[in-house]
Chemist: 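Have a look at the structure that comes next, please.
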Number of protein chains: 2
Amino acid sequence: MTQLELPTLEDVAKAALVSTATVSRCLNTPERVAAKTLDKVLEAVKTLGYSPNFGARALAAKRTNTFGAVIPTMDNAIFARGLQAFQEELVKNGATLLVASSSYDPEIEEEQIRALVARGADGLLLIGTERSPDIYQFIEDRQIPMVICWAYSNEPTRSYVGFDNYQATFELAERAIKFGHRKFGFISAHQAGNDRARERIRGVIAALNEHNIDASSMDIIESHYSIAAGGECFKKIMETPTPPTIVMCGNDVLAAGAAKMGHEMGLNIPNEVSITGFDNLELATILEPALTTVHVPHREMGKLAAGVLLQNVNDRSYRQHIKLPTSIVEGSSLGPVS
Amino acid sequence: MTQLELPTLEDVAKAALVSTATVSRCLNTPERVAAKTLDKVLEAVKTLGYSPNFGARALAAKRTNTFGAVIPTMDNAIFARGLQAFQEELVKNGATLLVASSSYDPEIEEEQIRALVARGADGLLLIGTERSPDIYQFIEDRQIPMVICWAYSNEPTRSYVGFDNYQATFELAERAIKFGHRKFGFISAHQAGNDRARERIRGVIAALNEHNIDASSMDIIESHYSIAAGGECFKKIMETPTPPTIVMCGNDVLAAGAAKMGHEMGLNIPNEVSITGFDNLELATILEPALTTVHVPHREMGKLAAGVLLQNVNDRSYRQHIKLPTSIVEGSSLGPVS
DNA sequence: CTCCAATATGCAAGCGCTTACATTTTCTTC
DNA sequence: GAAGAAAATGTAAGCGCTTGCATATTGGAG
């Protein structure tokens with residue numbers, strides 16, 4: 001591997017006739033350097049095309065200005081919007097985002113977390129709360145700032161910027177109940193290792209119980225997040241002997257698949273079956289009838305998460321618990337039982 | 001900033017009663033270490049919970065096993081699928097992916113590239129071919145392996161793993177012409193700094209010229225990539241005095257918006273107006289009528305790009321030019337002029 | 001048993017940067 | 001203009017790791 005000889009701090013120092021320390025100061029704390037010297041040095045930096053070596057800097061400064069995020073998947077838009085906002089806020093503060101995805105596999109997630117930490121991540125954004133105590137211990141041992149998103153808890157040892165999945169589906173289910181629905185179906189993401197998915201189901205069940213509806217009669221089918229898979233699940237649910245009058249979906253992507261399959265099966269939505277989603281992705285806007293779903297303030301979540309992390313870097317004991325409000329987006333895919 | 005004292009190579013060496021060099025070898029080239037020693041060392045690594053310091057490693061080894069990608073946006077699914085595949089392939093080879101997004105702004109892109117390089121990226125994946133000579137020079141000076149995706153050129157100094165945007169829309173337009181369309185509209189991404197967008201338009205114009213159709217009569221509207229924006233543009237185009245019989249869209253997202261707006265305007269697709277997309281996102285599958293679009297082998301592109309980059313790390317002069325085939329996905333949103 | 005090659009390990013010199021501390025320069029103040 | 005404080009700069013010691021080279025150990029072959 002022939003790496004070209006790049007200019008180093010020392011080269012700049014020589015060219016500007018100052019010490020390496022001064023050059024370093026010009027780059028990191030320019031206010032502590034005389035204006036004339038600063039000019040001279042920056043001039044040299046420019047003509048030499050110098051850019052600092054990250055490894056050396058990280059090694060010496062014990063800080064990388066890099067933050068990591070491990071998301072379950074990049075493959076669809078669920079996390080994209082929030083992550084984009086997260087990154088924008090980081091960049092605004094001179095930091096960089098490192099993204100890894102776990103394919104919804106806890107072991108891969110753990111690996112990725114370790115990889116990010118090994119790469120010197122100054123902080124981590126993680127999705128959801130369920131993971132092995134080992135990996136939490138690992139992060140804690142190193143005092144790596146961490147924020148958990150897409151879920152909420154007031155657990156004091158960790159920071160959360162998220163929303164209440166349980167509450168959100170609880171409210172949505174209540175609305176469905178008011179519309180007269182008694183027999184529910186639910187298409188969920190795989191629940192194993194996915195606390196958000198479980199909470200969403202729990203919310204529905206709680207609402208049913210609250211209204212003395214037999215929750216055990218609810219068909220729950222698990223699926224990975226894709227439109228096609230959502231459609232298949234919908235079909236399966238609707239072909240049972242006593243199909244539900246409403247199919248709630250753990251996500252808009254699944255709901256889109258369900259709605260599409262509904263059309264194909266010749267079912268009128270919502271007259272013959274209601275469908276609800278979750279996330280309020282842009283995708284939801286093109287469905288017909290318009291999807292009733294749960295709006296999640298993704299961008300705000302990402303932005304606030306960045307803030308929490310940046311704060312936490314400077315104050316290792318800083319913890320924050322932000323529960324963002326979700327709201328029901330009234331489409332017409334949820335309607336009264338006819 | 002109180003960073004906990006983490007175990008270092010030296011601690012491991014002491015615990016295992018060997019030298020730091022041996023520990024390093026155990027971690028990097030275990031085959032050059034006696035089995036007994038290896039066991040001893042790995043044991044110590046485990047009990048101490050050692051994990052190597054990235055900065056130090058990068059500094060000493062001049063290699064980070066980190067690759068960077070700068071994409072225009074994370075906000076929608078256009079790049080997600082390809083990037084996901086890219087990452088999967090990297091991870092399979094023990095490397096990590098660093099993602100940054102530029103918001104379609106050349107200056108931000110440049111910044112992000114520099115940041116990634118500064119962070120020691122061993123290689124870069126970039127989207128499209130148009131960027132300032134300066135930044136290309138910067139990359140070349142440092143001999144950073146680079147692969148350009150989502151576009152194609154056989155330009156020998158750089159590697160490409162992409163597809164022919166021009167050819168793809170050329171063929172699609174020809175099909176439309178065969179269907180009798182003579183008056184075209186086009187909703188494009190912003191062309192400035194976006195060679196893919198320009199190529200797609202160029203393809204259509206070339207097809208029109210080929211068939212002696214006045215290409216200058218084609219309305220071209222630029223938009224950012226969002227469903228809502230696509231709808232607005234569609235409306236604008238259709239409300240001109242002589243609306244086109246077909247609206248081609250630079251992207252499925254725009255097409256989705258166009259289709260939705262079409263319905264809202266009470267237009268029958270394709271009888272009153274045809275619509276085409278580009279990318280064959282999963283989104284396209286839920287449109288009704290099914291969207292006629294261009295399939296792009298995103299996953300294969302991502303995977304191959306990773307391969308090229310990994311190869312290029314070991315062989316600095318390695319260059320590769322892969323043009324992946326695109327194909328037309330026959331939906332029914334494109335039909336004969338009635 | 002030697003002896004020598006092959007294998008395994010240790011030594012120590014950096015990699016390029018930051019930063020505590022020491023030193024020099026500049027600015028105040030009387 | 002001298003003295004002391006404040007500001008600017010320099011000196012040099014690492015940060016934790018890899019790796020070329022030297023040294024020690026092992027394993028045949030004779």
Side-chain angles (χ1 to χ4, degrees), chain A residues 1-42 44-45 48-66 117-122 142, chain B residues 1-42 44-45 48-66 94 117-120 122 142:
Chain A
M1 184 169 340
T2 29
Q3 182 77 42
L4 211 70
E5 217 50 53
L6 291 177
T8 70
L9 239 212
E10 204 176 338
D11 297 330
V12 176
K14 271 187 195 139
L17 304 171
V18 296
S19 71
T20 61
T22 298
V23 178
S24 174
R25 281 187 207 104
C26 288
L27 267 31
N28 298 303
T29 52
E31 70 278 6
R32 317 182 68 68
V33 172
K36 234 177 59 183
T37 316
L38 186 59
D39 283 352
K40 211 168 49 177
V41 170
L42 293 184
V45 165
L48 290 178
Y50 168 78
S51 91
N53 176 299
F54 175 67
R57 181 172 253 184
L59 182 55
K62 301 178 180 309
R63 209 164 357 90
T64 61
N65 259 309
T66 302
V117 170
R119 280 185 167 62
D122 285 345
R142 286 163 179 71
Chain B
M1 186 174 333
T2 28
Q3 182 76 42
L4 213 67
E5 216 51 53
L6 291 177
T8 70
L9 239 212
E10 202 175 342
D11 297 329
V12 176
K14 269 184 198 144
L17 305 170
V18 296
S19 71
T20 60
T22 299
V23 177
S24 174
R25 282 186 205 105
C26 288
L27 268 30
N28 298 304
T29 53
E31 70 278 6
R32 319 181 65 67
V33 172
K36 236 177 57 185
T37 317
L38 186 59
D39 283 352
K40 213 168 47 176
V41 170
L42 293 184
V45 165
L48 290 178
Y50 169 78
S51 88
N53 177 298
F54 176 65
R57 182 171 252 183
L59 182 55
K62 300 178 180 307
R63 211 167 350 94
T64 61
N65 258 310
T66 302
V117 170
R119 278 181 169 65
D122 285 345
R142 286 164 179 71

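A note on names: the letters A, B, ... follow the listed sequences, proteins ahead of strands, and every chain is numbered from 1. The basis for the numbers below is simple: all heavy atoms, side chains too, and nothing from hydrogens, waters or symmetry mates.
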Chemist: Run B:Asn53 and A:Leu59 through side chain to side chain contact (heavy atoms under 4.5 Å, CB included) and show every step you take.
Modeler: CA-CA 8 Å; B:Asn53 177 298; A:Leu59 182 55; 4.2 Å; yes
Chemist: Could you note down all residue pairs passing side-chain hydrogen bond (donor to acceptor under 3.5 Å, both in side chains) where residues 17-31 of chain B supplies at least one of them, sequence neighbours left out?
Modeler: B:Ser19-B:Thr22, B:Ser24-B:Asn28, B:Asn28-B:Arg57
Chemist: Ignoring hydrogens and geometry, is there a side-chain-to-backbone donor-acceptor pair from B:Asp11 to B:Thr8 under 3.5 Å?
Modeler: yes
Chemist: Taking all atoms of both residues into account, what is the closest heavy-atom pair of B:Lys40 and B:Ala16, and its distance?
Modeler: CE-O, 3.3 Å
Chemist: Test A:Thr66 against B:Phe54 for side chain to side chain contact (heavy atoms under 4.5 Å, CB included), laying out the working first.
Modeler: CA-CA 12 Å; A:Thr66 302; B:Phe54 176 65; over 6 Å; no
Chemist: Could you grab the distance from atom NZ of A:Lys62 to atom CG of B:Leu6, nearest 0.5 Å is fine?
Modeler: 9.0 Å
Chemist: Considering all heavy atoms of both residues, which atom of A:Val45 and which atom of A:Val12 are nearest to each other, and what is their separation?
Modeler: CG2-CG1, 3.8 Å
Chemist: Locate the shortest heavy-atom distance separating A:Tyr50 from A:Leu27; write the atom from each residue and the value.
Modeler: CE2-CD2, 3.6 Å
Chemist: Produce the list of close N/O pairs, under 3.5 Å, pairing protein atoms with atoms of nucleotides 12-16 of chain D; give distances to one decimal.
Modeler:
from	atom 1	to	atom 2	distance (Å)
D:dC15	O3'	A:Lys62	NZ	3.4
D:dG16	N2	B:Ala56	O	3.4

Chemist: Where along residues 22-39 of chain B does a heavy atom come under 4.0 Å from DNA chain D, residue by residue in number order?
Modeler: B:Ser24, B:Arg25, B:Asn28
Chemist: To the nearest angstrom, how far is B:Lys40 atom NZ from C:dT9 atom C1'?
Modeler: 10 Å
